[in-house]
Amino acid sequence: MSWLIIWKTAFSSILKNKRRSLLTMVGIVIGTASVITIVAIGNGFKEDMVNKLSSQKQDKNVKRVSFNAFSTADIFSDTEMMTENDLSLARLVEGVKSATFDKQKVDGRLTGNLTFKSGVKNLSINYEIIKQTKVDLVEGRQLNRNDDTTLNKVIVIDEEVAKALYQSSKYALNKPFTYKDQVFTIVGVAKNTSGAIGPGNDNSLVYFPEKTYEHYFGKLKDAGIITLSVLPSYDSNQVMEKVIKSLSEQGTMRSKGTYQEYDIKDAIKELGSLLNNLILFISTVAGISLIIAGIGVMNMMYISVSERIKEIGIRRALGGSASDIKKQFLIEGVALTLIGGISGYLLGMVIAKVISFVLPFNVHPDLMTISIAIGVSSLIGIVFSYFPASSAAKKDLIDIIK
C-alpha cells in the first residue's frame, strides 16, 4: 500500500468521526498552544535583552573590572564590592588613563536600591534620583527644580511604601523618611502602578531630588564595576591583567571573592543561557498537558481499532499485511496530533502576539517554535498510537471471522 493512499485513508477516517476527533485534538491544541506561547514570549524577551546589551558600544581602550563574591550573603548585602581604595590601586597601574565607577543607570534613569523597616520586616525597593517628578499623585505635590537647586530634603514615595510605613497615603504626607541616617520629609505620594512591594517589582518607589541626594550621599554609582580607560599606546589586555593582579593582591574584598574582567559578550552569553534554561523549565511544566492529551489519543485509537475489526479483516482477506495495518493506524494517530499541533501553534502565536501588545518587546514566528509544534505533535502521535496500531496489526484473520 502506497504512503499516499495511507495518508488519504487516515484523513478520511478522522473526518468520519469529526466530533470524537475534534475533542481528542483539543488537548493537543491547548498543550501545544501553552508551550508555543511561553517559548515565543520567552524568545522575544531574550532577543530584546540581548539586543539592548549588544547595542552598547565597545571601545577597545575601555575595560571593566567586576568582583565575584564567594558568598551569596555578600552578594545580597549592602556592602560595596569596590571602594575608593580599589580605584586608587587601579589608577596606579601603568597604562591606566582613568578609573571610575560605572554610573548606575536603567533605561537612562539614575536608580538604586534601598531597604527600609516596616514593622518587623525589612523591605527592599528601588529608588530614583531626579530633578523633578512627573508622576500621578494621590496626595501632596511633585518634586520640583527648586527642591533640587536648594538641596531640599524632601521625597515623593509610592502609595505602597506609604501604606507600609504609615498605613495610608494620607497619614504619610509630611511624615519623616530616614535613609542612611538622613531624615527626609514626604511631600508627595504617587499612585501605585506596579503592584505590591516584592522581588518582582522593579519600578522606582521612592524619588529623591538629584542634587540633594548627591550632596548627602555622593554621586550614584555602581560600586560593583570599575571602568578603566587605557592609554592608546598601551595594550589594553596587558593593562587589564596588571589591574586584576594588583586588586587580587591588595583589593578591599580580595579575601571574599575574585576580581575579573567584565565582558559584555560574556554577560550576553550567560543571560541567554539563563533565559533558555528558564524557558525550557516552564515549557516542560506546560508540556505535561501534552502527555495527558497523548493518553487521550491512545484511548481514541484503541476505540477506533475495536470499532473497525471488520475493516481490518477485509483488508487482511484482500492481501493486506500486518505491516500495512500497523502503518494505517499509526499514520491516523500522527495525522490527528499533527493537525492539533499546527492548530495549537497558530493559536499559541496569536495569544503571544496579543500579549506582546502590552509588553515592551515583540514576538514573531521562528524556526524553533515551528519545529517544536510539528516535532512534538508528531512524536506524541507516534508514541501514543504505536500500541493501538500494533494491537490492530496482531489481529488474526481467523479470529476476526469467528
Intermediate values then yes/no, side-chain hydrogen bond (donor to acceptor under 3.5 Å, both in side chains), Lys180 and Tyr216: CA-CA 9 Å; Lys180 290 186 177 180; Tyr216 289 101; over 6 Å; no
Whether Asp147 side chain and Asn152 backbone form a donor-acceptor pair below 3.5 Å: no
Side-chain H-bond candidate by donor/acceptor type, Tyr234 with Lys97, under 3.5 Å: no
Donor-acceptor under 3.5 Å (Ser378 side chain, Gly375 main chain): no
Name of the residue among Val206, Leu205, Ile197 meeting side-chain contact (heavy atoms from CB on, under 4.5 Å) with Phe116: Ile197
Heavy-atom side-chain proximity of Val243 to Leu228 below 4.5 angstrom: yes
Closest contact, heavy atoms only, Pro209 versus Asp148: C-OD1, 3.7 Å
Residues, nucleotides or ligands: over 12 heavy atoms within 6.0 Å of Lys245 NZ: no
Under 3.5 Å: donor-acceptor pair, side chain of Ser391, backbone of Phe387: no
Side-chain donor or acceptor of Ser204 paired with backbone N/O of Asn126 under 3.5 Å: no
Close side-chain approach of Lys326 to Ser390, heavy-atom, < 4.5 Å: yes
Rounded distance (nearest 0.5 Å) linking atom CD1 of Ile28 with atom CD1 of Ile292: 11.0 Å
Short side-chain to backbone donor-acceptor contact, Ser306 and Ile303, under 3.5 Å: yes
Nearest non-hydrogen partners of Val183 and Pro176, listed with the distance: CG1-CB, 3.7 Å
Note, Glu332 side chain near Met301 side chain (heavy atom, < 4.5 Å): yes
Considering all heavy atoms, the nearest Leu347-Ala33 contact: CD2-CB, 3.9 Å
Test item: side-chain donor near acceptor, Asn237 and Lys63, under 3.5 Å: yes
Backbone N/O of Val334 and side chain of Thr337: donor-acceptor pair under 3.5 Å: yes
Minimum heavy-atom distance between Leu173 and Gly140, given as atom pair plus value: CD1-CA, 3.6 Å
Basic-acidic side-chain contact under 4.0 Å: Asp86, Arg254: no
Side-chain (Lys242) to main-chain (Gln238) donor-acceptor, under 3.5 angstrom: no
Exceeds 12 heavy-atom contacts within 6.0 angstrom, atom OH of Tyr302: yes
Exercise: identify the closest heavy-atom pair between Ile41 and Val363: CA-CG1, 3.9 Å
Asn122, CG: over 12 other non-hydrogen atoms inside 6.0 angstrom: yes
Closest heavy-atom pair and its distance - Val189, Val156: N-CG1, 4.4 Å
Under 3.5 Å donor-acceptor, Thr212 side chain and Phe208 backbone: no
Mutual orientation of the aromatic rings belonging to Phe217 and Tyr179 [parallel < 30°, tilted 30-60°, perpendicular > 60°]: perpendicular
Polar side-chain atom of Gln142 near backbone of Val135 as donor-acceptor pair, under 3.5 Å: yes
No-hydrogen, no-angle side-chain donor-acceptor test under 3.5 Å, Glu139 and Ser169: no
Side-chain (Glu159) to main-chain (Asn192) donor-acceptor, under 3.5 angstrom: yes
Glu249, CD atom: more than 12 neighbouring heavy atoms under 6.0 Å: yes
No-hydrogen, no-angle side-chain donor-acceptor test under 3.5 Å, Lys153 and Gln182: yes
Validation row, ring centre Phe67 to ring centre Tyr259 under 6.0 Å: yes
